[in-house]
Protein chains: 2
Amino acid sequence: MRAEMTPREGLRCGLRERKKRRTHDALIRAALELCTQQGYDRTTIDEIAEAVDVSQRTFFRYFTTKEDVVFAVQEIVEARFLEALRARPAAEPPLEALRNAVLLAWDDLGQVIESIIPVELHMRTYQMIESTPALVAAHLRRSSELEELIATVIAGREGLDVATDPRPRIVVAAFSGVMRLAGRLWGEAGECSVESIRATTEQHLDGIIPAIAGEWRKTTPQRDHASKPPHA
Amino acid sequence: MRAEMTPREGLRCGLRERKKRRTHDALIRAALELCTQQGYDRTTIDEIAEAVDVSQRTFFRYFTTKEDVVFAVQEIVEARFLEALRARPAAEPPLEALRNAVLLAWDDLGQVIESIIPVELHMRTYQMIESTPALVAAHLRRSSELEELIATVIAGREGLDVATDPRPRIVVAAFSGVMRLAGRLWGEAGECSVESIRATTEQHLDGIIPAIAGEWRKTTPQRDHASKPPHA
DNA sequence: TTGTCAACTGTCAGTCACTGACATTAATGT
DNA sequence: ACATTAATGTCAGTGACTGACAGTTGACAA
């Protein structure tokens, strides 16, 4: 009985494992498809289970809550980000490493999740999350748990201990806050492409230092919003 | 039918209003007392309603969700903070204004909420929130809504528009992230006093700029954790 | 004071997320 | 082929929350 399940293991396993993985992914697909179409709270677990032709009870054996299935894919993306962060050269200062890791994670997001759901569905899911209060709450809580992991990685890079030095947690807190802001603005903009969220993310991350430094009245915003950069 | 209710209105009103306010406050007190004692999810709405001697249905006429009653007092504190922020001299740069406003808000917190519940109960509530996943989620969501208001105030101070300039939202995002971090660490520390949370808050806010600036290896942490400043 | 109106409340039935217990089915190793 | 074990289905139950309707009680005018 393991709720956790590294997506790319269980390849050399028996029929039982394959079947499990199939229903697992089918539940995700059905849930996201239904929820993005009719709305999260207008979609019942019974509907999702019925779409995959399993009992409601079985759904709850794969996902402990209704929210869980929505974030199943996010989990993979997060793992990817952490991986990218750990791979960053030690010379980069913390905020820069975070920035580069997250941009890299966006870049090869497609390959990672396409085997489970279409990327377009994942993007729609992201927007649904941002527009559903209950999911926003869950998303924020998950993010704050992720922050703890990130802070530990940053502390490791700098040879510090999160228990005695508050700085890792502080940068990560600032970083995560800005990440969420970017995600939210992207969701509101209605643009559904991976490029646009990448661009929004980059733009806001690069705005952190100037914004924190203060002295706004004597400087101009670090990016001109009227002239958007071309999508890479 | 108004769920919102400025706490200090309804003084010159009739018996009906007074009665309503009494049950409203009684529900808050009962809920917080029960939840902090036996835990949030081991406390049912029926229990709370029964403690105040009203029906479960009546509870839901005062608070739309079980979470709402937990955050009823927080709402007052938040309003207080916004008020303090608006009163900050225009000369202060954004982050400094935020810092000073939040510290002021902590200072006269006692007077504001003592009429509803004992401050000590409010502090215990804060810790309960931080140690209850469902409440952490709700708290984060509420905070993110508050962020939007704060960003507007900051933008107003600087003569900017949040729709065109991302900097207000960025500072606020960083600020809120750090605020939450401070609150969480305070909760884990077990210290239940107002002074200790004030001190933790101040310390972490003052760490933002140095932490963001990077170059950690060439500098020392801006505060020594071994020698705590005396409680004011 | 009394009667009418509107607001507040209680009761009841129902939905939905979620859980424990137990029986059933199906894959696995021998 | 058979015993073992994991996956699933069924069922009953809890707790948060909602709509509908009926009963009560303050407010206010006659």
Side-chain angles (χ1 to χ4, degrees), chain A residues 1-5 9-27 30-31 34-35 38-72 132-135 137-138 141, chain B residues 1-5 9-27 30-31 34-35 38-72 132-135 137-138 141:
Chain A
M1 176 67 66
R2 29 197 322 206
E4 316 273 333
M5 168 188 234
E9 70 185 24
L11 282 176
R12 66 283 169 78
C13 290
L15 168 61
R16 201 172 240 167
E17 292 296 319
R18 261 177 293 140
K19 235 177 171 177
K20 229 165 66 172
R21 176 170 178 77
R22 234 194 303 146
T23 25
H24 179 261
D25 291 5
L27 281 172
L34 286 169
C35 287
Q38 23 179 304
Y40 177 71
D41 20 50
R42 276 182 301 283
T43 306
T44 68
I45 305 280
D46 286 317
E47 273 180 295
I48 299 169
E50 195 175 3
V52 185
D53 205 60
V54 294
S55 71
Q56 194 216 49
R57 195 67 182 83
T58 295
F59 174 94
F60 284 111
R61 289 204 176 94
Y62 282 93
F63 306 97
T64 54
T65 65
K66 186 181 174 188
E67 285 158 7
D68 265 32
V69 66
V70 174
F71 292 100
T132 308
L135 294 179
R141 192 178 61 80
Chain B
M1 177 67 67
R2 25 196 325 205
E4 316 272 335
M5 168 189 232
E9 72 184 21
L11 282 177
R12 66 289 169 75
C13 289
L15 168 60
R16 196 171 244 166
E17 292 296 320
R18 259 178 294 140
K19 232 177 173 178
K20 229 165 64 173
R21 176 171 176 76
R22 234 194 304 146
T23 23
H24 180 260
D25 291 3
L27 281 171
L34 286 168
C35 286
Q38 22 178 303
Y40 177 71
D41 21 49
R42 276 180 302 283
T43 306
T44 68
I45 305 282
D46 287 317
E47 273 180 294
I48 299 168
E50 195 175 2
V52 184
D53 205 59
V54 294
S55 71
Q56 192 214 49
R57 195 68 182 86
T58 295
F59 174 92
F60 283 111
R61 289 202 175 94
Y62 282 93
F63 306 96
T64 54
T65 65
K66 187 181 173 186
E67 284 158 7
D68 265 33
V69 67
V70 174
F71 291 100
T132 308
L135 294 180
R141 193 178 61 79

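Here is the naming used below: chain letters follow the sequence lines, and residue numbers restart at 1 for every chain.
Remark: P of C:dC18 and CG of A:Asp41 are 12 Å apart, rounded to the nearest angstrom. Put simply, CG on B:Asp46 is 12 Å from P on D:dC17, counting in whole angstrom units. Whole-Å rounding puts the A:Phe59 CZ to D:dT8 C1' distance at 15 Å. Rounded to whole angstrom, the span from the CZ atom of B:Phe63 across to the P atom of D:dT18 amounts to 14 Å. Here C:dC8 presents its P atom at 19 Å from CZ of B:Phe60, a figure rounded to the nearest Å. In this structure, B:Ile48 places its CD1 atom 10 Å from P of D:dC17, rounding to the nearest Å. Between B:Ile45 atom CD1 and D:dT18 atom C1' the separation is 13 Å, expressed in whole Å. Between B:Gln56 atom CD and D:dG19 atom C1' there is a gap of 13 Å when expressed in whole angstrom units.
The phosphate of C:dC8 has neither OP1 nor OP2 within less than 4.0 Å of any side-chain N or O from B:Tyr62. For A:Thr58, a side-chain nitrogen or oxygen approaches OP1 or OP2 of D:dG9 to under 4.0 Å.
At a threshold of 4.5 Å between non-hydrogen side-chain atoms, the residues B:Phe59 and B:Val69 count as touching. A heavy-atom distance below 4.5 Å is found between the side chains of B:Val54 and B:Leu27. Using a 4.5 Å cut-off on side-chain heavy atoms (C-beta onward), A:Leu135 and A:Phe71 make contact.
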Open item on the list: Counting primed atoms plus P, OP1 and OP2 as sugar-phosphate and everything else as base, spell out the protein contacts along nucleotides 25-30 of chain C at 4.0 Å heavy-atom distance: B, S or - for each nucleotide, 5' to 3'.
Closed with: -BBS--
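Judged by the 6.0 Å and 45° rule, A:Lys20 forms no cation-pi pair with A:Tyr62. Cation-pi check for A:Lys66 over A:Phe60 is not met; the charged atom does not lie both under 6.0 angstrom from the ring centroid and within 45 degrees of its normal.
Among the heavy atoms of the strands lying under 4.0 Å from B:Ser55 is at least one base atom, whether or not backbone atoms are also near.
Applying the side chain to side chain contact (heavy atoms under 4.5 Å, CB included) test to B:Thr44 and every residue at least two apart in sequence or in another chain returns B:Asp46, B:Glu47.
If you check distances only, the side chain of B:Arg57 does reach the base of D:dG19 with a donor-acceptor pair under 3.5 Å.
Checked against C:dC18, D:dT8, D:dA16, the side chain of A:Arg61 finds its nearest nucleotide in D:dT8. Side chain of B:Lys20, nearest nucleotide from D:dA16, C:dT11, C:dC8: C:dC8.
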Open item on the list: B:Thr58 vs B:Val52, test: side chain to side chain contact (heavy atoms under 4.5 Å, CB included). Steps then yes/no.
Closed with: CA-CA 10 Å; B:Thr58 295; B:Val52 184; over 6 Å; no
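When the nearest nucleotides of DNA chain C are assigned to B:Asp53 and A:Lys66 by heavy-atom distance, the more 5′-ward of the two goes with B:Asp53. Where B:Glu67 and A:Thr23 meet DNA chain D, the nucleotide closest to each residue was compared, and A:Thr23 sits on the side nearer the 5' end.
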